[in-house]
Structures are given as structure tokens and as C-alpha cells.
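Before any comments, here is the structure.
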Amino acid sequence: MDTRTALLAAAAALLVASAVGAVAAPDALTDPRETNEPPGDIDIAGATVAPGEVRGETAELRLGTDLRHRGSTVENVTVRHRAIGAESGLLVDETTVDAGDVDFDGERTVNGTVTVDREGGYRIETVVFVDGQHRERQTTRVAGVAALTPDYADTRVGFTDGDVWPTVAVSVVEADNETATLSASVSVTNRGDEPSEDVDLRLYLRQAESNVIAADATETVGTVRPGRTDTVTATVEVPDGYNYYVDAALFDDDVLVDETQGVANLNPRETISANETVRDVAFSVEDFQRGEDGAAGGDAGDGASAPDRDASDDATPGFGPLVALVALVVAALTARRRR
């Protein structure tokens with residue numbers, strides 16, 4: 001074998017060995033650019049706070065933390081949230097979210113929640129840890145938690161608030177010398193985006209000067225379409241000749257959700273307006289005694305009749321005629337003795 005043939009055979013053997021090595025160990029050949037990848041870096045790109053479940057005393061705050069990642073994989077990432085009272089500086093609640101190994105490109109949101117009291121304001125401190133080491137921090141301030149509506153009272157149906165159209169309108173259906181039958185029409189509006197569910201309308205007719213409840217009624221407010229206003233009417237019977245406050249309230253599953261007030265002026269000599277009291281109006285308790293059927297009025301009890309509110313007392317104040325005569329006789333005897 002000449003030298004040329006030997007060199008060609010050695011080159012062929014080298015090529016075969018290289019091919020076999022590449023197949024057996026594919027990781028042996030790597031792209032030199034991959035070895036130059038920058039180390040992993042993670043930070044907070046933004047944070048959001050939204051109300052979650054709202055209860056009577058506490059409220060849940062939903063926290064969204066936007067993590068921004070660059071470079072190689074960052075292992076063992078955790079996000080810690082702390083809710084601290086704005087005035088007291090005391091820790092109210094704390095939670096930690098495990099984000100695991102972060103290898104995505106760009107940004108991703110990690111969600112968490114804390115529970116706080118429905119009063120005051122709070123400082124939400126969010127800290128990002130990598131392998132237990134502090135890496136990034138951000139603070140968000142929250143105020144007005146007390147204004148959040150509890151879930152059990154969350155309804156979009158309320159009394160209509162108009163400048164001309166009355167929320168509570170009262171008219172007289174029938175009247176006699178003792179009682180008056182009134183029709184109270186109440187306007188309600190659905191301010192939500194969906195049809196409302198049934199709620200209860202409760203009415204109290206309260207005598208203006210005494211706060212005695214003369215009558216009450218309950219009606220069901222049915223489904224109200226979004227943005228629409230409906231009128232609910234209730235009929236009650238009260239003693240005539242008095243002025244009344246008409247207290248109206250909406251209840252959703254026995255939870256008070258809205259209230260308003262109107263008036264009914266049945267005394268032609270005195271009038272009242274909402275949130276105003278007029279004094280010195282004759283008042284007879286007997287007119288407001290409830291009978292067996294629950295209606296106001298009726299006998300005062302044991303044959304006693306209600307006093308006449310318009311009658312005046314004609315008796316002369318001071319001593320009676322007999323006492324006056326005795327006084328004259330004594331005066332005469334005294335004068336005679338002096339003589």
C-alpha cells in the first residue's frame with residue numbers, strides 16, 4: 001500500500017468515527033450561542049387589587065402580581081403578600097404563593113388573596129423570593145374597604161331618586177268620620193344590567209308627633225328589567241285627622257337594601273314633610289288601638305269612648321261656687337268682730 005492510499009484510508013476511518021460519536025452522544029455537539037444565554041432575571045412588572053367575597057365584617061382582596069422573566073430558568077420562585085393596617089401598622093393577613101420554576105418568556109400573572117376587616121385602609125406589600133432570597137418588592141395602598149357592599153346585600157334594585165316624580169305617592173281611596181283608606185304607590189328602579197330577583201317592600205305609617213305605628217303593609221316587588229322603573233302599590237287603613245310619615249324599605253332575604261320616606265297629611269290645620277316633625281297637634285291614643293283584625297281604631301276599651309279632639313274644656317279654673325260663698329261669710333264675720 002502506497003502512502004497516498006494509506007492517508008485516504010486514515011481519513012475515511014476518522015470520518016466514520018466522528019459520525020458514530022455524534023450518533024452515540026448527540027449532546028457532544030452544541031450550539032456555541034446556547035452557552036452564552038444570560039442568567040435568569042425576574043422582577044415585578046405590575047400589580048392589581050380587586051374585591052373578592054365581601055362579608056359582613058371582612059372582605060377578601062384578590063391580588064394579581066405580574067412577573068416579568070428574562071434569560072434562563074429561575075428556580076423556586078415564591079410571592080408573598082402582606083396586608084398591613086394603614087393607621088395601626090399591624091399585620092392583618094399574610095399569604096404566600098408558590099410560582100415554582102419560572103422559564104416563560106415575557107410576563108405572567110400570579111394570583112393570591114388576603115382577608116381584611118371592612119374598615120380603614122391597608123398597605124399591601126408584595127415580595128418576590130428566589131430560592132428563599134429576597135429579589136423584588138412592591139407596595140400597593142388600598143382605601144375605602146368599608147364602602148364595599150356585602151354579597152348578601154348586593155342587589156341593583158332600589159328606590160327611584162327623581163326630582164319631580166315622587167318616590168312615595170299617597171292618595172285617599174275612601175274616608176269617613178273616623179278612618180281613611182290610603183293607597184301608597186312606591187317607585188323602584190333596577191340600576192343593574194340583568195333582570196332583578198324578587199324583593200320585599202315593607203311600609204310603616206307612623207303618626208308624626210307620637211311615632212305610633214298606625215298601619216303596616218308588605219308587598220312583593222317582582223322582576224324589574226334592567227334600567228326600568230316599576231310602581232308597587234299597597235293599601236292601608238288609618239285613623240283620619242292625623243299626619244303620617246310613610247316609611248318604606250326594601251328587603252332582600254330579610255336584608256335591608258334600601259329605604260326612603262314619604263308623608264300623608266290628613267290634618268288640614270297642620271302639615272309635615274319628610275324628616276320634619278310638627279308639634280302641638282291633638283293626639284288621642286285610643287284612635288290607634290288595634291282591634292282583633294289588626295286595624296287601627298275601635299273602642300277605647302270597657303265602654304270608654306275616645307275623647308273628642310275638637311272639644312274644649314269649659315270649666316272655670318279656681319274655686320267652686322260653694323267655696324266662694326263660705327269665703328264671703330267668713331269675711332263678713334271678721335268685719336263685724338272688728339267693729
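- Looking at Q207 and E209, their side chains do bring a donor and an acceptor atom within 3.5 Å of each other.
- Using a cut-off of 4.0 Å between Lys/Arg side-chain N and Asp/Glu carboxylate O, R123 and E125 are scored as salt-bridged.
- Judged by distance alone, with hydrogens and angles left aside, the side-chain atoms of T220 form no donor-acceptor pair with the main-chain N or O of D200 at under 3.5 Å.
- To the nearest 0.5 Å, the span separating CG on D258 from OG1 on T167 amounts to 9.5 Å.
- For S187, the side chain to side chain donor-acceptor pair (under 3.5 Å) test picks out W165, with sequence neighbours left out.
- Under the side-chain contact (heavy atoms from CB on, under 4.5 Å) criterion, D252 pairs with T155, V199, V257, sequence neighbours left out.
- Cluster annotation: F159 is connected to L205 through the hydrophobic network of ILVMFWY side chains, with a link wherever side-chain heavy atoms come within less than 4.5 Å.
- For A45, the side-chain contact (heavy atoms from CB on, under 4.5 Å) criterion is met by D66, R68, E107, not counting sequence neighbours.
- Side-chain atoms of D216 do not come within 3.5 Å of backbone N or O of Y204 as any donor-acceptor pair.
- In this structure T181 satisfies the side-chain contact (heavy atoms from CB on, under 4.5 Å) test together with V173, E174, T235, E237, sequence neighbours excluded.
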Listing, residues 76-86 side-chain donor-acceptor contacts under 3.5 Å, not counting sequence neighbours, or none:
from, atom 1, to, atom 2, distance (Å)
N76, ND2, D131, OD1, 2.9
H81, ND1, T126, OG1, 3.0
R82, NE, E94, OE1, 3.4

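- Distance check: N111 CG to R62 CZ gives 9.5 Å after rounding to the nearest 0.5 Å.
- Dense packing is recorded around CZ of R55, with more than 12 heavy atoms of other residues, nucleotides or ligands lying under 6.0 Å away.
- Looking only at atom types and distance, the side chain of N211 has a donor-acceptor partner in the side chain of R206 under 3.5 Å away.
- Under the 4.5 Å side-chain criterion, counting only non-hydrogen atoms from C-beta, T65 is in contact with L67.
- Evaluation of the side-chain contact (heavy atoms from CB on, under 4.5 Å) rule for S171 yields S183 as partners, not counting sequence neighbours.
- In this structure, the side chains of V221 and V232 come closer than 4.5 Å at one or more pairs of heavy atoms.
- A donor-acceptor pair is defined here as one N or O able to donate and one able to accept, closer than 3.5 Å; no such pair exists between the side chain of D93 and the backbone of V116.
- For D254 and R202, the salt-bridge test passes: some basic side-chain N is under 4.0 Å from an acidic carboxylate O.
- Of the possible polar contacts, none joining the T189 side chain to the R191 backbone as a donor-acceptor pair under 3.5 Å is found.
- A donor-acceptor pair under 3.5 Å links the side-chain atoms of S210 to the main chain of V212, judged by distance alone.
- Remark: the backbone N or O of G100 is paired with a side-chain donor or acceptor of D98 at under 3.5 angstrom.
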